[in-house]
Structure formats: structure tokens, C-alpha cells
There are 2 protein chains.
Amino acid sequence: MISEAEYLDSYDPSRFPSPLVTVDSVLFSLHQQTLCVLLVERASQPQQGRWGLPGGFIDMAQDSSTRATALRKLTEKTGVSPSWLEQLDTFSGPDRDPRGWSLTVAWYALISWVACAPHIVSVSDAKWVPVAELNERELAFDHGEIIHAALRRLRQKTMYSLLPVYCLPETFTQSQLQEATEIILGQPIQRKSLIRRFEASGMFEETGESVATGARKARLWRRKADVDIHLFSRNLLADS
Amino acid sequence: MISEAEYLDSYDPSRFPSPLVTVDSVLFSLHQQTLCVLLVERASQPQQGRWGLPGGFIDMAQDSSTRATALRKLTEKTGVSPSWLEQLDTFSGPDRDPRGWSLTVAWYALISWVACAPHIVSVSDAKWVPVAELNERELAFDHGEIIHAALRRLRQKTMYSLLPVYCLPETFTQSQLQEATEIILGQPIQRKSLIRRFEASGMFEETGESVATGARKARLWRRKADVDIHLFSRNLLADS
DNA sequence: ACAATAGTGTCTATAAGACAATATATT
DNA sequence: AATATATTGTCTTATAGACACTATTGT
């Protein structure tokens with residue numbers, strides 16, 4: 001029997017075959033009344049030329065976790081950090097990547113479109129695609145499935161939290177939050193229910209400003225600093 | 001520019017350094033009015049002799065996904081497949097394993113104690129530990145944290161589903177389900193609320209049998225075949 | 001009959017759904 | 001003033017909480 005120190009001295013990490021490990025993210029945003037996902041064109045093999053999720057390999061020298069990898073890759077593409085980033089699931093198996101047995105840690109994220117639009121339009125290999133148009137596209141690997149899983153999770157969580165606020169700019173009106181929620185859920189919701197939650201959540205504060213959208217001015221709000229997302233104990237739209 | 005076929009021909013998977021990838025599972029069960037977790041004693045380095053979660057490396061020749069790896073490892077230890085198995089999260093970073101940058105795909109699972117007790121007692125390197133006693137133990141790696149995350153998820157999901165039923169034997173009484181739920185949540189619940197959910201879920205059917213526990217006989221139930229878990233749109237214990 | 005556990009009835013409390021009513025801008 | 005959007009009021013509905021009540025079995 002050897003000690004742990006001796007064992008580690010002689011440990012050779014390349015001795016055991018290992019699956020191909022990647023980190024991929026589904027970044028959602030709202031643009032022109034539609035829910036969009038960020039796709040990037042694959043610059044190299046395999047599946048060169050196909051569009052897929054932003055992501056890639058873990059940089060073990062830099063990344064302190066797969067969250068760091070996801071953040072690094074998203075920031076490279078968008079120029080900013082997402083407002084919300086949460087682990088979705090991992091997807092694995094021998095057939096999902098032609099190079100062999102692979103595993104991807106999938107994250108999903110939300111960002112305000114205005115926060116990253118300028119950067120995205122300046123790079124040619126990334127673009128926002130409305131989720132409704134995804135079926136027509138042949139995506140790389142199993143990225144279509146990953147996006148669908150992320151969409152289910154986004155919609156589910158929207159039912160018991162105010163997650164859509166992370167798609168809005170720093171300051172926003174209650175009507176914008178309602179619109180974002182309705183676009184994500186794909187159906188109208190009761191404004192009164194939303195406002196009740198908005199107040200009960202304790203997540204927001206008024207900026208003191210207001211803004212006009214053609215008629216009566218609406219108050220502007222922002223997320224309080226360092227206040228976590230509030231989860232409700234009931235779902236919206238529980239019967240529909 | 002080369003074709004994908006040419007690229008794959010010359011692809012060498014060992015060219016890029018890769019994190020150490022494992023799959024670990026938190027298997028819950030109920031025994032003597034306590035919620036327990038299955039721990040195994042590490043037979044080899046690193047952290048030899050410490051207790052940790054059942055798990056290990058992916059066998060790329062056998063496993064069709066990390067779910068298959070988790071199932072394989074749990075079946076080795078318990079002799080049976082868990083009734084419930086769901087992905088929890090992945091845990092990753094340069095410091096969680098002394099061998100270097102590592103990633104574990106963590107699953108959580110539920111099983112009836114009677115279903116696997118005979119097998120467990122016959123192997124000396126596995127045992128059930130009440131969750132209340134975990135704080136006193138020094139577990140391998142970050143397995144203590146993983147168990148706590150699994151426990152949070154188990155309790156959360158118990159609030160909006162009848163998940164505890166997967167800890168019960170094949171046939172069971174409503175009182176057993178109530179007891180299991182109360183043990184997991186750590187507090188009493190309203191029997192009436194549970195029964196309402198039980199009926200609304202559509203998950204169960206009577207066996208026709210009943211069983212006596214000292215007084216009036218209780219009806220026995222089983223899960224309907226191929227019926228998925230039902231998720232409710234409100235939580236139990238929402239105010240407490 | 002009594003004790004003990006199984007199972008039901010029903011009233012209250014909470015938060016969502018529905019939608020009417022009022023308020024404040026702009027023109 | 002008319003119109004449009006913002007914001008609030010309040011009645012209804014659905015389901016959980018509380019807890020009393022009835023049912024069935026063993027002694």
C-alpha cells in the first residue's frame with residue numbers, strides 16, 4: 001500500500017481514456033417581440049460551417065469551473081457578461097460528436113439585447129436566431145435538443161419567478177417585464193398577477209425616473225443590488 | 001481546408017489535455033424513520049479509506065450516457081436499479097480532486113430500503129448513513145457539498161410532487177407515503193393535503209389488498225405502469 | 001365498548017384569474 | 001376633451017391548511 005502523496009507523484013492523467021468534454025451555453029435574448037438564441041458558425045472541423053451553440057473546451061489553466069468556461073465563451077462572443085447564468089444539464093454519449101464519446105455541460109443564460117447588440121453585429125460568425133425559426137435549421141451536434149431543453153426550463157422557471165427580468169435593460173418598466181414574460185411563455189398573462197409578484201418579490205427599486213411610450217409615463221425600476229431571484233410557491237398559468 | 005472525414009481520420013483524442021471526469025450519485029433511502037444516504041469506502045487512492053459517494057469513471061465501451069454510468073455503479077453496489085434517478089448538477093474545478101482539474105456529473109436517486117438491504121449488508125464497503133450524522137464525518141472530495149445540494153433538491157421537489165413514493169416498496173399505504181414525506185421534509189404535513197394530491201396525480205392504483213398496522217386495515221396502492229411523475233403547480237408548506 | 005389507526009367533510013386562508021375602474025400623459 | 005397607456009380595486013376561483021368527524025379493525 002502506498003501513501004496518497006506517493007500515489008499522486010506517480011499519477012499520470014493521460015493513462016486513462018477520457019471523454020471529450022465541452023461547455024456550451026444557450027443564451028436567450030428578446031429582440032423585436034421575439035425570443036432569440038445566440039448561434040455561432042463553427043470555424044473548424046468537425047461540423048465546420050454549421051451553426052451551433054457558443055462554447056468549447058475548458059481551459060484548465062484559466063477556468064476555475066465550468067461556469068467560468070461558459071462565462072468566458074459568452075463574453076468573447078457578446079462583449080458582456082450575461083445577467084443570468086445557470087446550469088441546465090449535461091448531455092453525453094458515444095454518438096453525439098463524431099470524434100467519439102463526448103460530454104457537454106450545458107448552461108443557459110439571459111441578457112438584454114441592447115447590452116450586447118453592438119458587439120454581436122461587429123462579428124460575422126455570431127447571430128441571434130428567433131427560436132421559432134430553429135426547426136428549419138440543421139444545427140451542429142445535438143445542439144437543437146439542448147436548446148429545446150433550455151427553452152422548457154426557461155418557460156418553467158418563468159412560471160414561478162420573475163426570470164424574464166434578466167432579459168431587460170438595467171432600467172425598465174413593469175410593462176416591459178410583462179411583455180418579456182408573455183413573449184417567453186407564448187401567451188398573455190394577467191398584468192395584475194405580475195405586479196403583485198413584482199411587489200412581493202422585494203427584488204426591485206424605483207429609479208425615480210419615468211418614461212413615456214406615447215401616453216401616460218411609466219415608472220422605471222431596477223434590480224436591487226445583491227438581491228437574489230425570488231421563487232414563488234405557485235405557478236402562473238397553472239390551469240392553461 | 002480539409003473535409004470532415006479527413007479531419008476525423010487524423011484526429012487524435014489524446015492531443016488535448018482533458019479534465020478528470022467522474023459520475024457520482026447520491027442514493028437516498030428511508031430506514032427506521034430516518035433519511036439515509038449510501039456511502040462507500042474508497043478502496044484505492046486518492047483519499048483511500050475515506051467514505052464517499054458511489055460512482056466512478058465512465059466506461060466508454062459500455063455506457064451510452066452518464067445516466068448509464070450512474071445506473072451501473074448503483075446497481076453494482078445495491079443489486080437493484082433505483083426507482084428514481086435524475087441529474088442533479090455538475091461540480092468542477094482545479095481543487096476538488098488532488099489529481100488535478102476534475103468534473104463530476106452528480107445524480108440523485110431514490111430506492112426502497114427493503115429492495116436493496118439484503119445486498120448492501122452482504123458487502124462490507126457500502127453502508128447507509130443517516131443524513132443527520134453526515135456533519136460529523138469527513139467525506140471524500142466535495143461529496144459533502146454534493147449531498148447537501150441533493151438534499152435541497154429532494155426537499156424542494158417533495159414540495160411540488162409525490163417524489164417520496166420512490167422511497168417506498170412496490171406496494172404501500174397512504175400513511176407510509178405521508179410518513180416518508182414528513183421524514184424528508186423534517187416536519188409534519190396535513191394528511192388531507194397529501195391525499196388530495198395523491199388522488200389528483202393519477203399516478204396510483206389500488207392493489208385490492210389491505211394491510212393491518214395494529215388497528216384498522218389500510219388499503220395498498222402501487223404506481224401505475226408507465227405513468228410519469230406528476231408535478232403540482234403549488235408547493236406544500238408554502239408559508240412555513 | 002374501547003382504543004387505535006384509516007379515511008372523509010368542510011371551513012378558512014392565500015394567492016392567482018378576470019376584468020372593471022381610475023389616473024396621468026399627450027394631442 | 002379625447003385617447004392611450006399606466007396603475008389600482010375588488011370579486012371570483014382554485015387549492016392548501018386546519019381540524020373535526022366518521023369508519024373499521026383488534027382486544
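Chain letters run A, B, ... following the sequence lines, proteins first, then strands; residues in each count from 1.
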Taking the inter-plane angle between the rings of B:Phe198 and B:Phe204 on a 0 to 90° scale, is it parallel (under 30°), tilted (30 to 60°) or perpendicular (over 60°)?
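Rings of B:Phe198 and B:Phe204: parallel, under 30°.
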OP1 or OP2 of [N] under 4.0 Å from side-chain N/O of [X]:
X	N	answer
A:Ser175	D:dA6	yes
B:Arg197	D:dA16	yes
B:Gln190	D:dA18	yes

Can you check whether any acceptor in the base of [N] is under 3.5 Å from a donor in the side chain of [X], or vice versa?
X	N	result
A:Arg196	C:dG17	yes
B:Arg216	C:dA6	yes
A:Lys192	D:dG9	yes

Once you apply a heavy-atom cut-off of 4.0 Å, does [X] come out as touching a base, just sugar-phosphate, or nothing?
X	result
A:Arg219	sugar-phosphate
B:Ile189	nothing
A:Ile195	nothing
B:Ala218	sugar-phosphate

Out of [options], whichever nucleotide has its closest atom nearest the side chain of [X]:
X	options	result
B:Arg191	C:dG7, D:dT25, D:dG17	C:dG7
B:Ser193	D:dA16, C:dT26, C:dG17	D:dA16
B:Arg234	C:dA25, D:dC19, D:dA14	D:dA14

Provide, to the nearest angstrom, the distance between the [atom1] atom belonging to [X] and the [atom2] atom belonging to [N].
X	N	atom1	atom2	result
A:Gln187	C:dG17	CD	C1'	12 Å
B:Leu220	D:dT24	CG	P	18 Å
A:Asn235	D:dT15	CG	C1'	13 Å
A:Leu236	D:dT15	CG	P	15 Å
B:Gln178	D:dA18	CD	C1'	14 Å
A:Glu179	D:dT5	CD	P	12 Å
A:Phe198	D:dT8	CZ	P	11 Å
A:Leu194	D:dT8	CG	P	13 Å

Closer to the 5' end of DNA chain C via nearest nucleotide, is it B:Gln174 or A:Ser233?
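It is B:Gln174 whose nearest nucleotide is closer to the 5' end.
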If you assign each of B:Trp221 and B:Ala215 to its closest nucleotide in DNA chain C, which residue comes earlier from the 5' end?
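Its nearest nucleotide lies further toward 5', so the answer is B:Ala215.
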Can a donor-acceptor pair be found, under 3.5 Å and without considering hydrogens, that links the side chain of B:Lys73 to the backbone of B:Gly56?
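No, the answer is negative, given that no donor and acceptor are paired below the 3.5 Å cut-off.
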Does A:Arg96 come within less than 4.0 Å of A:Glu145, counting only side-chain N to carboxylate O?
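Salt bridge between A:Arg96 and A:Glu145, a charged N being under 4.0 Å from a carboxylate O: no.
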Specify the residue among B:Ala212 and B:Phe232 whose closest nucleotide of DNA chain D lies further upstream toward the 5′ end.
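Result: B:Phe232.
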Before we go on, tell me: are the rings of B:His31 and B:Trp113 under 6.0 Å apart, centre to centre?
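That pair passes the under 6.0 Å test.
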Within this structure, what is the CG-OH distance for the pair B:Leu231 and B:Tyr160, rounded to the nearest 0.5 Å?
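Those atoms lie 6.5 Å apart.
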Residue of the set B:Arg219, B:Arg223, B:Lys224 for which salt bridge (Lys or Arg N to Asp or Glu O under 4.0 Å) holds with B:Glu206:
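Result: among B:Arg219, B:Arg223, B:Lys224, B:Arg219 is the only option passing the salt bridge (Lys or Arg N to Asp or Glu O under 4.0 Å) with B:Glu206.
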